[in-house]
Amino acid sequence: MTLASIIIQLLNGLAAAASLFLVSAGLSLIFGVTRIVNFAHGSLYMLGLYGAYSLIQFFGRTPLGFWGAVVLAALAVGLVGILIEVLVLRRIYRAPELFQLLATFAVVLVIKDIALFTWGAEDLVGPRAPGLSMAVEIMGRRIPAYDLVLIAIGPVVLGALWLLLTRTRWGALVRAATQDREMVGALGVDQARLFTSVFFVGSVLAGLGGALQIPREPANLELDLAIIADAFVITVVGGLGSIGGAFLAAIVIGVAKAFCVGIGSVTWFGFEVSFSKLTLVVEFLIMALVLVVRPYGLLGKPQAAQRAAEPAPRLQVPSWTFALVWLALLALVPLAADRYTTILLTDIVCFALFAVSLHFIMGPAGMVSFGHAAYFGIGAYAAGLLLKRFGLPMEAALLLAPLIAGLFAIVYGWFCVRLSGVYLAMLTLAFAQISWSVVFQWDSMTGGSNGVFGVWPSAWLSDKTAYYYLALVLCGAGILFLWRVLFSPFGYALRAGRDSPLRAEAIGIDLRGFQWAAFALVGALAGLAGAVYAFSKGSISPSSISIAQSTDGLIMVLLGGVETLTGPVVGAAIFTWLRDVVARNTEFWRAVMGGVILLIVLLFPQGLVGGLKALVVRWREQRA
Amino acid sequence: MLQVADLHAFYGRAHILHGISLEARAGEVVALLGRNGAGKSTAMKAIMGLVPPARGMVSFGGKRIERLPPYRIARLGLGYVPEERRIFTELSVMENLEVGRQAARTGVPTWTEEKLFALFPNLARMRERPGGRMSGGEQQMLTIARTLMGNPSCVLLDEPSEGLAPIIVEEMANSIRALKGEGVSVILCEQNLHFALGVADRAYIIEKGQIRFGGSMEELAANDSLREQYLSV
Ligand SMILES: Nc1ncnc2c1ncn2[C@@H]1O[C@H](COP(=O)(O)OP(=O)(O)O)[C@@H](O)[C@H]1O
Ligand SMILES: [Mg+2]
């Protein structure tokens, strides 16, 4: 590379870093004060792009029209943020943190469909910035003038935020609340209003980050989850709650990506290495590296625990009769049901195992995973590829797939168990995204974005009912096995470790080792679910390993409730069934699902099964 | 000024306060004495709304406050100084004071930074120092000063003498007397009877979440068996 091209890539990277920084700073600010991991933050960014697109059309392509549209779009997104805070989150600040997460997933679904309804499914290509569409020549290369403006905007916003946080009363309140919001309340500060204002500022930053991208990137419906992954990575690399850290991390990652694109393919020692293909994973590699070296990010500090964890309620062992009665019922269904119901039930059974394995790791083992689809997807791909590329019989592929998923879980888990809390969750997301990128780009092996076709079971299982029984037996056994494990000494040790890590270590439990083993176990069983699912569908696509698939799993678990064993199964059944029913009747199934989830969140802050139990208890008490 | 009647409070399922009643009149310093774990801090948190009272009545300045959130109670002019101090460690002394600031109230003294620095001269020398880099005594003064920035008419003061060097304890006693001089009522949690005797007008004794004694400091000083039963270690 010549010096000129290095400088050009550097400038490219800095221009890309501006928006990344704005979005991440907003996320960090909101998380610091409200302790909510706001998945809907990426949706706000997406709305920023769409909003700017429409407003520019309305105002006309003049410099004033363009910049007016950008600012107005950002402010409008700020108002959307206020709406989200006031209508949804404010009602559940006292609910368990995971339930707040569920609410933000629901908001993602709703906003995606609002955007679909308003702007349609096509990508919308925005205009170039009027007055800045020319290129500036730097060392013989041409670089868009707009990029230079973006490069300047990053530090300007950083400076403005710094002034706001250190030179105003609002800033003092925000920083104080980040440390101890209850005390701030006891000093007479209305938390609700403070939270709303923080949400506004954070959302404006997300909206501005999006709006500024309109000359560089078409507005589309996939941006919400794509950018939230970026923003998570940057906040975590920079250190949660550190605005300066977010700035630094955005630059590191923006520049690293730009260099990957710029270098393209090079040949080293006779091997062709494609750096441009690395673009999708480089940020996750950086994050994995940073977290292993500095578990709290570049400029972060260990987080103070904000609230004393409520003691988790005791898990009840589901009785054998209960399990057997249900299995018998499920076994009888195909006798009465049509082909369509049988297929739906097969899906439900697969997702039930997926959800139960996720519940195992996030509930009893206390390690929230945002990337559980990795193991589901790897299981599915392993099954499909062993069959199609390696010519193994279907039965062998089905049995080997979970082992391969388990192997990946062992590798990923080794890193993950070194962290805890939000950092751990983000690292799981990173590994899932790395897996997705590899699958997505390795055309010759995985079929790339098209996926793998013709993944059908052997002849004796080709009947849908026969395959349903296979799925029921395998997934049912997987679920019962996981439940048994919870009540083995291993399961008790995991829960002891979750409730008081120090004490568990003190009585000689090798907590990290146990958590690692748990990771491998749930990875293998999620892989089994994925493999069974793959053969039931006959094809596999990268979406089986996507963030959306991971969040689906989280929604299933949280909908049912983390605090009961049967919750995830119920959640998986309701979610899969509802999605199927709704999707057949409306294009806007996401909004309906999101709406239903929001209703449930607001009505049953302990999850469906927990909420129903509480209702039953209250009803009994009233009768007694 | 402040009246509490039959107040009950729980942590989860643990029943901690079993119906306590007490009262502080305007301009009075009242001590709430009791051993470690007796329920003193819980009583203050329940009055302040930080632990929502399960049953009972709290009235402040003639208003019922037992169902209000803490910030509304603070805005009525009831100040709270927690036992753990809960200084904002990242914020400077001036910023800590800023967080506590509320509008002036009629009929109660209005505090400014300068007036507080006169009361706590140590703080004046470290205006820009982060709260995390102060000694225990300095933090204790800052936490009181921070609450006073809200111009309270009554302050709940949880064990201000705890863990402080004797000379600082003496300064603390002077500050409390100065507050009384300004007309601010104080409810003071203490295990340290000697300290309470020096500043309080009246005292209550709390044990296992129940009030066991209420009366003047003279009565308490005269009653050896009472002190032995509930206070001596
Ligand atoms: N956050 C809490 N959760 C559960 N129990 C608590 C909590 N805080 C205090 N307690 C219990 O409540 C009782 C009263 O405590 P506290 O009010 O702090 O007493 P004091 O301030 O008089 O020392 C003690 O038995 C203590 O163990
Ligand atoms: Mg106490």
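Chain naming here is simple, since letters A, B, ... match the order of the sequence lines and numbering starts at 1 in each. What you are looking at is a predicted structure, and each value in this text was computed from that prediction instead of being measured.
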Chemist: What are the two closest non-hydrogen atoms of L187(A) and V99(B), and how far apart are they?
Modeler: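 Minimum heavy-atom contact is CD1-CG1, 4.0 Å.
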Chemist: What closest approach, in Å, do Y71(B) and V189(A) show between heavy atoms, and which atom pair accounts for it?
Modeler: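 Distance-wise, the nearest heavy atoms are CB-O, 3.3 Å.
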Chemist: Could you give the distance from CE (M183(A)) to OG1 (T143(B)), rounded to the nearest 0.5 Å?
Modeler: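 Atom-to-atom, M183(A):CE and T143(B):OG1 are 5.5 Å apart.
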Chemist: Closest approach of E90(B) and R175(A), non-hydrogen atoms and distance?
Modeler: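 Heavy-atom minimum between the residues: O-NH2, 3.6 Å.
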Chemist: Does CZ belonging to R177(B) count more than 12 external heavy atoms closer than 6.0 Å?
Modeler: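 It does: R177(B) CZ has more than 12 such atoms within range.
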Chemist: Does NZ in K115(B) sit with more than 12 non-hydrogen atoms of other residues, nucleotides or ligands closer than 6.0 Å?
Modeler: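 Counting other residues, nucleotides and ligands, NZ of K115(B) exceeds 12 neighbours.
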Chemist: Taking all non-hydrogen atoms of both residues into account, name the closest pair between R75(B) and G188(A) and its distance.
Modeler: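 Heavy-atom minimum between the residues: NE-O, 2.8 Å.
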Chemist: For R101(B), is it the side chain, the backbone, both or neither that has a heavy atom under 4.5 Å from a heavy atom of chain A?
Modeler: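 Interface part for R101(B): both.
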Chemist: Give me the atom names and distance for the closest heavy-atom approach of V184(A) to F88(B).
Modeler: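 That would be CG2-CZ, 3.6 Å.
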Chemist: Which region of P82(B), side chain (C-beta onward) or backbone (N, CA, C, O), has a non-hydrogen atom less than 4.5 Å from a non-hydrogen atom of chain A, or is it both or neither?
Modeler: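 For P82(B), the contact with chain A is made by the side chain alone.
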Chemist: Count the heavy atoms of every other residue, nucleotide or ligand shown that sit under 6.0 Å from CZ of R193(A), and state whether that count exceeds 12.
Modeler: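 It does not: R193(A) CZ has 12 such atoms or fewer within range.
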Chemist: Please round to the nearest 0.5 Å and tell me the distance separating atom CD of E182(A) and atom CZ of R86(B).
Modeler: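 Nearest 0.5 Å value for the CD-CZ distance: 4.5 Å.
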Chemist: Atom CD1 in I87(B), atom CD in Q179(A): separation rounded to 0.5 Å?
Modeler: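 Going from CD1 on I87(B) over to CD on Q179(A), the span is 9.0 Å.
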Chemist: Looking at every non-hydrogen atom in both residues, tell me the closest pair between A186(A) and A74(B) and how far apart they are.
Modeler: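 Closest approach of A186(A) to A74(B), heavy atoms only: O-CB, 3.3 Å.
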Chemist: Could you check whether atom CZ of R72(B) has more than 12 heavy atoms from other residues, nucleotides or ligands sitting under 6.0 Å from it?
Modeler: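 Not more than 12 within 6.0 Å, no.
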